[in-house]
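Protein chains get the first letters and strands the later ones, always in sequence-line order, with residue 1 at the start of each.
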Amino acid sequence: MGAITDYDDSEYEKNGFGNPRVLRQNMENQNEILSNPHILKLEKKTEAMQTLTSLSNVVNVADTSTLLACQLLYEKGIDTFCSNHEKDTRLSEIAIHYNSLSDENKKIFLQLMQEKPQNYIIIDHRIVFGYPSIYNENSIIDENFPMDICLGYREFELDDMSEEEQNLKIAELIKPLKKQTYMQGVYTREDVISNKHNRMKCDLINKEEKRCNSSDKNTNQEISKNEGLIYSEKYDMFFADDDSKSRYIESLYRKENDWRTDEEIAIDAGIEYKDGHFLDDYVVTATDIVKTSQLHQTGISLISKFKNMITKVKDVFRGR
Amino acid sequence: MDSEISKRFTEVYEILKYLPKTDFEKIPKNILNFIIENKDNNYTWKIDKTKKLYEQKLNNDTIAILSYINMEFIVTDEQKQYLKKLYAYHEYKKENEKKDNSNYSDIFPKEEKN
C-alpha cells in the first residue's frame, strides 16, 4: 500500500465514519452522504510497500479517497500495493498486481480497460520507476512478467467532489471485479518449477532474474527449502511468505461485504489466528487414518456396516 | 438416524476438514452431503490440534467411517487392496482373540463363591 495517511480518529468516530460498515451503508444512500461531510483533515505521512494482512488495518494505510476501494479489494481477495491521492490536484489512483488476479477478473479488467481507457491502465512493472500512475502509457500484456494495473481518476474527473463522493466514485471502479482466492505470492508446484515465483518478483528492475533451483524430481519440502518458499501440505500450495499465506487462508473464509474481525473469521472457520496471521497447518493424512485404524484394530465388518449405511441411502450416488 | 451415529458423523466431518485440499477434493460431493445432512448440529466436537489423529480419543465408529472414506476415495487402488486385507486381518485377529478368551475361561472357570 502506498501513502500512509493520518486520520483524525476522534472526528471519525464522532461522525460515525470510523467504522467502515457505516461508510459502506452510505453507499446505498448517496444523498445522505452528500449532506453529511465527514472526511476530515488529511495529511500524507510516508510511503510504504507492504502486504496488508488485516482488513481493519486498511484504514491506516489507504490514501484518503481510496479507502473504500482498498477495503473492497481486500474483501475480494485482491492485493493493493499502492494507493495515492493528491490532495491539491485530486488525482486518485490505486495499483494492483495484474498477475494476482483470477482468470475471471483478468477478463473483467481487460473489458474495463476497453470501456474506460482513461480509468484503467496496465504497465509492465519493469519499466516503472516509483509507483505506477494512470498517466503512464499502456504496456503490452505479458503474463510471464509482473504487470501493474493502475485504476483511478485524473484530477478533473473528481473536481468539486467531497472526499466521501470521491470514495464512492473510486469504489465504483472496483465493483465489477469478483471475489477470488488471494493469489499474490501464492504458487502451485508447477508455478515454482517454471520459475514463476522468481519471474514475478517485483524488484526485478536492474536485476537479473534468479534461476529456479528445483525440478520435478524434488519433493515439495525440498522445493520449499531450495526456493525459500513456505509449503502448505494442507493446501498443496507454496507461499512467498507468512503474509501471503495468511491472506490466502483468509480469502477462503472471508466473503464479500464481510466485516467480521480476523478473530471472528478464525473462530467461525475453526482455524487459528495468532500474531496477526491466520494459521491453518493442522493436517490429517491418509496415513494418519490408517495408523488410527491399526491402533484400534478396526475390522472390515464395521467398515462395511457404514459403507452400506452411506451407500444404501437413496440418491446418495446420484450424479457420481 | 440414530443420535449416536449422528454424533459420529459430526466428528468425521470435523476431521475431514483437516485433510489436505487435494485429498478432500477426492471425496464425492454426495458423500459429503450425506455426512453434512446426517451430522448432529447441536453436538460440538473439536479436534485436538496438539495431537496427531492416532493419539486422540476417538470412537470406534468414527474411525470406521473415516477408514471407509479413506479406503474408498482417497488412497490409490493398490493401497485400497492392501487396506482391505489389513481390515480383514483385524477382523480375523479379533475373532481369534475372542476364541482364545473363551478357551481360557473354559480351562480356568470362575470359582463360584458359596
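Looking at B/Asn33, neither its backbone nor its side chain comes within 4.5 Å of chain A, counting heavy atoms on both sides. The part of A/Asp236 that comes within reach of chain B is its side chain, from C-beta onward, which places non-hydrogen atoms under 4.5 angstrom from that chain. Contacts of A/Leu295 with chain B are made by side-chain atoms alone, with heavy-atom separations under 4.5 Å and no backbone atom involved. With a 4.5 angstrom heavy-atom cutoff, B/Asp48 touches chain A only via backbone atoms. Residue B/Leu16 does not touch chain A at all, counting heavy-atom pairs closer than 4.5 Å. Proximity to chain A is limited to the side chain of B/Ile47, based on heavy atoms less than 4.5 angstrom apart. Contact of B/Lys26 with chain A is not made at all, since no heavy-atom distance falls under 4.5 Å. Only the side chain of B/Asn70 comes within less than 4.5 Å of a heavy atom of chain A; its backbone N, CA, C and O stay farther away. Looking at B/Lys29, neither its backbone nor its side chain comes within 4.5 Å of chain A, counting heavy atoms on both sides. Interface remark: B/Lys94 contributes side-chain atoms only to the contact with chain A (heavy atom separation under 4.5 Å).
For the atom pair A/Lys291 NZ and B/Leu53 CG, the distance stands at 11.0 Å (nearest 0.5 Å). Interatomic distance, A/Ile300 CD1 to B/Tyr68 OH, rounded to the nearest 0.5 Å: 11.5 Å. How far CG of B/Asn38 is from CE of A/Met309: 8.5 Å, rounded to the nearest 0.5 Å. Rounded to the nearest 0.5 angstrom, A/Ser293 OG and B/Leu58 CG are separated by 11.0 Å. Residue B/Ile5 holds its CD1 atom at 4.0 Å from CZ of A/Phe306, rounded to the nearest 0.5 Å. With rounding to the nearest 0.5 angstrom, the CD1 atom of A/Ile289 is 13.0 Å from the OH atom of B/Tyr54.
By the neighbour-count criterion of 12 heavy atoms within 6.0 Å, atom OH of B/Tyr43 is densely surrounded, having more than that number from other residues, nucleotides or ligands. Other residues, nucleotides and ligands place more than 12 heavy atoms under 6.0 Å from the CG atom of A/Asp268. Other residues, nucleotides and ligands contribute over 12 non-hydrogen atoms within 6.0 Å of the CG atom of B/Asn96. Applying the 6.0 Å contact sphere to CD of A/Glu263 captures more than 12 heavy atoms from other residues, nucleotides or ligands.
Counting heavy-atom pairs closer than 4.5 Å to chain A, the top-ranked of the candidates B/Asp23, B/Val75, B/Leu86, B/Ile74 is B/Leu86. Chain A forms the most heavy-atom pairs under 4.5 Å with one residue out of B/Met71, B/Glu95, B/Lys93, and that residue is B/Lys93. Comparing B/Arg8, B/Lys21, B/Gln79, B/Lys49 by heavy-atom pairs within less than 4.5 Å of chain A, the highest count is held by B/Lys49. The candidate from B/Ile65, B/Leu66, B/Ile69 with the greatest count of non-hydrogen atom pairs under 4.5 Å with chain A is B/Ile65. Looking only at heavy-atom pairs under 4.5 Å with chain B, the residue among A/Lys305, A/Glu233, A/Gln297 that has the most is A/Gln297.
Judged by distance alone, the side chain of B/His90 and the main-chain N or O of A/Thr298 form a donor-acceptor pair under 3.5 Å. Put simply, the side chain of B/Tyr87 never gets that close to the backbone of A/Gln294: no donor and acceptor are under 3.5 Å apart.
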Stepwise side chain to side chain contact (heavy atoms under 4.5 Å, CB included) check, B/Phe34 with A/Ile310: CA-CA 7 Å; B/Phe34 176 86; A/Ile310 294 171; 3.4 Å; yes

Applying side chain to side chain contact (heavy atoms under 4.5 Å, CB included) to A/Val283 and B/Leu19, what does each step give before you reach the verdict? CA-CA 6 Å; A/Val283 169; B/Leu19 286 176; over 6 Å; no

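Side chains of B/Glu91 and A/Ser301 form a contact here, defined as non-hydrogen atoms less than 4.5 Å apart.
Minimum interatomic distance between A/Tyr282 and B/Tyr18 (heavy atoms only, all atoms of both residues): O-CD2, 3.4 Å.
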